[in-house]
Number of protein chains: 2
Amino acid sequence: MANMNHEGEQKFEKKNIRPTSMRKLIYRILSEKDQAMSLYEIEQQFDQVERSTIFRTLRVFQDNCLIHLIYDGTGAVKYALCDDDCSCGINDLHIHFLCSSCGNNYCLKELPVPYMDLPEGYTFENANFVIRGICPDCQ
Amino acid sequence: MANMNHEGEQKFEKKNIRPTSMRKLIYRILSEKDQAMSLYEIEQQFDQVERSTIFRTLRVFQDNCLIHLIYDGTGAVKYALCDDDCSCGINDLHIHFLCSSCGNNYCLKELPVPYMDLPEGYTFENANFVIRGICPDCQ
DNA sequence: TAATATTTTGCAACACTGTTGCGCTCTTAA
DNA sequence: TTAAGAGCGCAACAGTGTTGCAAAATATTA
Ligand SMILES: [Mn+2]
Ligand SMILES: [Mn+2]
Ligand SMILES: [Zn+2]
Ligand SMILES: [Zn+2]
C-alpha cells in the first residue's frame with residue numbers, strides 16, 4: 001500500500017477535512033488494520049500521543065463521514081473507516097462481528113443491517129447490530 | 001401490582017437466587033419500570049444505596065438469567081428483566097429500541113433478533129441489536 | 001439455643017474511558 | 001509580514017464499572 005497517504009489525502013479532500021499530519025497518521029493506522037479499533041488501540045500505535053488529540057481527530061472524522069462508530073459492549077467505542085461510497089446513511093449500516101476469543105471487531109460490510117418492521121409509533125433513525133462469536137482466525 | 005414481591009420471590013426461588021432485601025428491592029424497581037435501566041438509574045430510585053451492592057446484585061441476576069444486558073451506546077450498560085420463560089439463549093434474543101429524544105430503552109420482545117447467515121468461518125454466540133429512533137411517547 | 005461458617009452488604013479506593021478548558025503552536029489568509 | 005483561525009499538547013475532570021476488605025446479616029451445625 002505505497003500510495004496510502006495519497007489515498008488518504010484524496011478522501012480528506014473529498015470530505016472537506018484538512019489534512020494535518022496527525023490526521024494522516026490516524027487515518028493510516030485505521031486503514032492498515034482493517035478492523036474496528038478503539039481509541040486506546042489507536043493510541044498504542046504511537047510512541048507518544050495525546051488521547052485528546054486522537055479523540056478530537058476521530059470526532060472530525062466522524063462528523064465528516066470518514067469513519068463510523070460501533071458499540072460492541074466491550075466498554076470502549078470502536079472506530080472503523082467508511083467505504084469510499086459511504087454516506088453514513090441507513091443504507092450504509094452493516095453488521096459488526098466481535099470475536100469472543102481475540103476481541104477483534106470485524107466490519108461485515110457485505111451484511112447490511114436488515115430492515116425491521118417496528119411496532120406502531122416507533123421511528124427508525126439508526127441501528128447498531130453486533131454479533132458476538134468466534135472469528136475465522138480463532139476457530 | 002400488589003403481589004409484586006411474591007412474584008419476585010417465586011422467580012428468585014425458581015432461579016436459585018437467595019431473596020435478600022436488597023435483591024427484592026432491586027427486582028421491584030426493575031419490574032415497576034418496564035424499560036431497561038442503567039445502574040445509575042436504579043441507584044436514583046433509592047435514597048441511599050451503594051453502587052457496588054447494586055452492581056453485585058445485578059451480576060447475580062445476570063448469572064442466573066433473571067435479567068439480560070443491553071449495550072445501546074449510551075455509555076452505560078442497561079439491564080432489563082427477562083421473561084418468565086427466558087433461558088437467556090439465542091431464541092430469547094430480541095431487539096432493543098433506544099429513543100433519541102427521551103433516552104428510554106424499550107425491550108421489543110416481539111421482535112426477535114433475525115437469523116444472519118454469517119460468512120464462512122464465523123460462529124454465532126450472541127447478538128446485540130439496538131435500533132435508535134423516536135419512541136411512541138415522543139412522536 | 002449457642003457457636004460457627006457462609007453469604008451479603010457498605011465503604012473506600014481504584015481503573016478505564018471519554019471529555020473539556022486553556023494556552024501554545026502551526027497553518028492559512030490578508 | 002502580520003493577524004486570524006485551526007489544531008495540538010497538557011492537565012484536569014466526569015462518568016461508569018470494579019475490587020479488597022471488614023462489618024453485618026443469614027444460614028448451618030453442634
Ligand atoms: Mn463497520
Ligand atoms: Mn430486552
Ligand atoms: Zn478471533
Ligand atoms: Zn422517547
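Just so it is clear, the structure is predicted and the values come from calculations on it, not from any experiment. A, B, ... follow the sequence lines: proteins, then strands. Residue 1 opens every chain.
Rounded to an integer number of Å, the gap from A/Arg59 CZ to D/dC8 C1' is 15 Å. If you measure from atom CZ of B/Phe55 to atom P of C/dT8, you get 15 Å, rounded to the nearest angstrom. Distance NZ (A/Lys24) to C1' (C/dC26): 14 Å, rounded to an integer number of Å. Rounded to whole Å, the distance from CD1 on A/Ile54 to P on C/dT20 is 17 Å. If you measure from atom CG of B/Asp47 to atom P of C/dG10, you get 13 Å, rounded to the nearest angstrom. Taking atom CD1 of B/Ile26 as the reference point, atom C1' of C/dG10 lies 13 Å away to the nearest angstrom. If you measure from atom NZ of B/Lys78 to atom P of D/dG17, you get 10 Å, rounded to the nearest angstrom. At whole-Å resolution of the value, CD in A/Glu41 and P in C/dG18 are 10 Å apart.
Here A/Arg23 does not reach the OP1 or OP2 of C/dT27: none of its side-chain N or O atoms lies under 4.0 Å away. Look at B/Arg51 and you won't find any side-chain N or O under 4.0 angstrom from OP1 or OP2 of D/dT16.
Side-chain atoms of A/Lys15 come within 3.5 Å of backbone N or O of A/Cys65 as a donor-acceptor pair.
A/Val77 comes within contact range of the sugar-phosphate backbone alone, with a heavy-atom separation under 4.0 Å but no base atom that close. Nucleic acid contact for A/Ser52: base, since at least one base atom lies under 4.0 Å from a heavy atom of the residue.
Among the nucleotides C/dG10, D/dT19, C/dT20, the one closest to any side-chain atom of B/Met22 is C/dG10. With C/dT9, D/dG17, D/dC8 as the candidates, the nucleotide lying closest to the side chain of B/Thr57 is C/dT9. The side chain of B/Glu50 lies closest to C/dC11, out of D/dG17, C/dG18, C/dC11.
Between the side chains of B/Gln35 and B/Asn105, no donor N or O sits under 3.5 Å from an acceptor N or O. Checked by atom type, the side-chain pair A/Arg23/A/Thr57 shows no donor-acceptor distance below 3.5 Å.
Judged by distance alone, with hydrogens and angles left aside, A/Thr20 brings no side-chain donor or acceptor close enough to the base of D/dC8 to form a pair under 3.5 Å. Within 3.5 Å, a donor on the side chain of B/Arg56 pairs with an acceptor on the base of C/dG10, or the reverse.
Nearest heavy-atom pair, A/Met116 versus B/Pro114, reported as atom, atom and distance to 0.1 Å: CE-CG, 3.3 Å.
Both A/Val49 and B/Thr74 sit near DNA chain D, but only A/Val49 has its closest nucleotide nearer the 5' end. Closest-nucleotide positions on DNA chain C for B/Gln48 and B/Arg18 were compared, and the one nearer the 5' end corresponds to B/Arg18.
Heavy-atom contacts from other residues, nucleotides or ligands closer than 6.0 Å to OH of A/Tyr40 number 12 or fewer.
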